[in-house]
There are 2 protein chains.
Amino acid sequence: MPSAKVELFETDLQESAVFFKALGHPARLMILQFLAETNSCFTGDISSILPLGRTTVNQHLDELKKSGLVQGHISGIKTNYCLNPDKIDDLKSVMENIIGVINNFKNSNCC
Amino acid sequence: MPSAKVELFETDLQESAVFFKALGHPARLMILQFLAETNSCFTGDISSILPLGRTTVNQHLDELKKSGLVQGHISGIKTNYCLNPDKIDDLKSVMENIIGVINNFKNSNCC
DNA sequence: AATATTTGACGTACTTTTACGTCGAATTTA
DNA sequence: TAAATTCGACGTAAAAGTACGTCAAATATT
């Protein structure tokens with residue numbers, strides 16, 4: 001009976017995990033990179049660069065939206081996807097933090 | 001019929017995604033931090049700092065082992081878990097790479 | 001030597017993820 | 001205006017993830 005034990009962890013940790021989970025699929029990494037490089041961001045544009053069906057890509061976009069890293073503005077019938085600068089900043093901080101932890105480790109010896 | 005489409009992506013991207021997937025749970029983030037800070041690394045030690053059962057923690061350790069970030073040396077009956085310095089370095093590179101992509105984005109305007 | 005503790009392995013149940021097909025509405029093209 | 005295209009929404013089915021209980025073996029304690 002697996003219930004959401006995730007809530008038992010500290011909020012910081014939870015949010016970091018949400019970010020990394022969002023990045024935990026190659027399709028979503030590609031989407032992120034694409035959105036960072038271009039500013040055109042309709043579903044069709046994005047799915048055409050991925051080896052996946054359009055609906056699947058849509059689902060990955062939803063996943064990214066849930067993490068907050070990506071925003072979707074509704075523009076007529078289409079949804080216009082783009083990165084959320086604030087959350088992207090947060091992601092950067094989280095990564096820099098992890099890199100710090102890693103660097104500390106490098107000084108000591110592994111078992 | 002969802003088959004492993006992950007293979008359709010470039011190897012680099014796949015490996016990055018594997019790392020992030022491994023970090024995509026607060027328990028695994030805590031384990032990683034713990035292993036970076038201390039060098040004692042038996043299951044009992046680790047599960048005692050987490051709000052999860054021992055067997056669940058073991059499962060998360062397996063997940064981390066599958067990503068390569070964590071190694072498990074068998075020492076008698078116990079398994080001695082520790083970080084894999086090479087993979088940790090890889091993770092660092094991947095993160096620095098993403099930070100680079102993010103920084104480029106910051107210069108342009110979102111939609 | 002008997003008991004208690006600890007460990008990894010296995011099984012189980014429920015949830016989430018992944019991937020896609022199909023649908024009707026809206027939009028563009030002919 | 002008719003046909004084609006494109007979109008988001010919904011449904012579905014398989015796979016993976018999450019969480020734990022239990023077990024037998026090994027180890028430590030009494």
Side-chain angles (χ1 to χ4, degrees), chain A residues 1-9 13-14 17-32 40-67 69-82 111, chain B residues 1-9 13-14 17-32 40-67 69-82 111:
Chain A
M1 49 196 78
S3 54
K5 290 285 178 128
V6 168
E7 299 147 16
L8 297 178
F9 294 88
L13 221 52
Q14 283 186 46
V18 167
F19 284 154
F20 288 129
K21 200 171 174 184
L23 300 182
H25 193 287
R28 293 197 288 267
L29 283 174
M30 278 192 77
I31 292 172
L32 214 84
S40 73
C41 34
F42 294 105
T43 321
D45 297 339
I46 297 171
S47 67
S48 65
I49 60 154
L50 294 176
L52 293 174
R54 186 185 56 86
T55 50
T56 306
V57 172
N58 247 322
Q59 215 156 359
H60 284 301
L61 279 166
D62 274 350
E63 209 69 31
L64 283 167
K65 261 206 303 192
K66 267 191 272 179
S67 79
L69 291 171
V70 166
Q71 290 174 317
H73 306 156
I74 294 167
S75 142
I77 182 78
K78 305 182 180 186
T79 305
N80 210 343
Y81 293 100
C82 59
C111 50
Chain B
M1 49 188 79
S3 53
K5 289 284 178 130
V6 168
E7 298 147 16
L8 297 179
F9 294 88
L13 220 53
Q14 281 186 50
V18 166
F19 285 155
F20 289 128
K21 202 170 172 182
L23 301 183
H25 193 287
R28 295 197 287 268
L29 282 174
M30 277 193 78
I31 293 173
L32 213 84
S40 74
C41 33
F42 294 105
T43 321
D45 296 340
I46 298 171
S47 67
S48 66
I49 60 154
L50 294 177
L52 294 173
R54 187 184 56 84
T55 49
T56 305
V57 171
N58 248 323
Q59 216 157 0
H60 285 300
L61 278 165
D62 275 349
E63 208 70 31
L64 283 168
K65 262 206 302 194
K66 267 191 271 178
S67 79
L69 291 171
V70 165
Q71 290 174 317
H73 305 155
I74 294 167
S75 139
I77 182 79
K78 304 183 183 183
T79 306
N80 210 343
Y81 293 101
C82 61
C111 49

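The basis for the numbers below is simple: all heavy atoms, side chains too, and nothing from hydrogens, waters or symmetry mates. Proteins come first, then strands; the chains are lettered A, B, ... in the order of their sequence lines, and each starts at number 1.
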Sequence neighbours excluded and cut-off under 3.5 Å, please list the side-chain donor-acceptor pairs for residues 22-32 of chain A, or say none.
from: His25(A); atom 1: ND1; to: Ala27(A); atom 2: N; distance (Å): 3.0
from: Arg28(A); atom 1: NE; to: Ala22(A); atom 2: O; distance (Å): 2.7
from: Arg28(A); atom 1: NH1; to: His60(A); atom 2: ND1; distance (Å): 3.0
from: Arg28(A); atom 1: NH2; to: Lys21(A); atom 2: O; distance (Å): 3.3

Review point. How far does CG of Asn58(A) sit from NZ of Lys65(A), to the nearest 0.5 angstrom?
Key: 8.5 Å
Review point. Between Asp45(B) (CG) and dT5(C) (C1'), how many Å, whole number?
Key: 14 Å
Revision key, fill the gap. Rounded to whole Å, the NZ-C1' distance (Lys78(A) to dC7(D)) equals 8 Å
**Study point:** Sequence-distant partners of Val18(B), side-chain contact (heavy atoms from CB on, under 4.5 Å), two or more places apart
**Key:** Ser67(B)
Exercise for review: Take the C1' atoms of the five end pairs on each side of the helix from dA1(C)-dT30(D) to dA30(C)-dT1(D), derive the two axes, and give their angle rounded to 10 degrees.
Suggested key: 30°
Point to revise | Rounded distance in Å - CZ (Phe42(A)) to P (dG8(D)) | key: 9 Å
Point to revise | Base versus backbone protein contacts along nucleotides 21-30 of chain C [heavy-atom cut-off under 4.0 Å; B, S, -] | key: BB---SS---
Review point. Side chains of Val57(B) and Arg54(B): does their closest heavy-atom pair fall under 4.5 Å?
Key: no
Revision key, fill the gap. Closest of dC7(D), dT7(C), dC20(C) to the Thr43(B) side chain is dT7(C)
Check your understanding: Among residues 56-66 of chain A, which residues get a heavy atom nearer than 4.0 Å to DNA chain D?
Key -> Asn58(A)
Point to revise | For Thr79(A), all residues meeting side-chain contact (heavy atoms from CB on, under 4.5 Å), sequence neighbours excluded | key: Ile74(A), Tyr81(A)
Exercise for review: Let me know the distance between CD1 of Ile46(A) and P of dC7(D), rounded to the nearest Å.
Suggested key: 10 Å
Check your understanding: Say you draw a straight line from CG of Leu52(A) to CD of Gln59(A); how long is it, rounded to the nearest 0.5 Å?
Key -> 10.5 Å
Revision key, fill the gap. Value for CZ (Phe42(B)) from SG (Cys82(B)), rounded to nearest 0.5 Å, stands at 10.5 Å
Practice item. Identify, residue by residue, the members of residues 21-32 of chain B with a heavy atom below 4.0 Å from DNA chain C, and return them in order of residue number, or none. Key: none
Practice item. Find the distance Leu50(B):CG to dA19(D):P and express it as a whole number of Å. Key: 11 Å
Revision key, fill the gap. Taken to the nearest 0.5 Å, the spacing of Leu61(A) CG from Thr55(A) OG1 works out to 11.5 Å
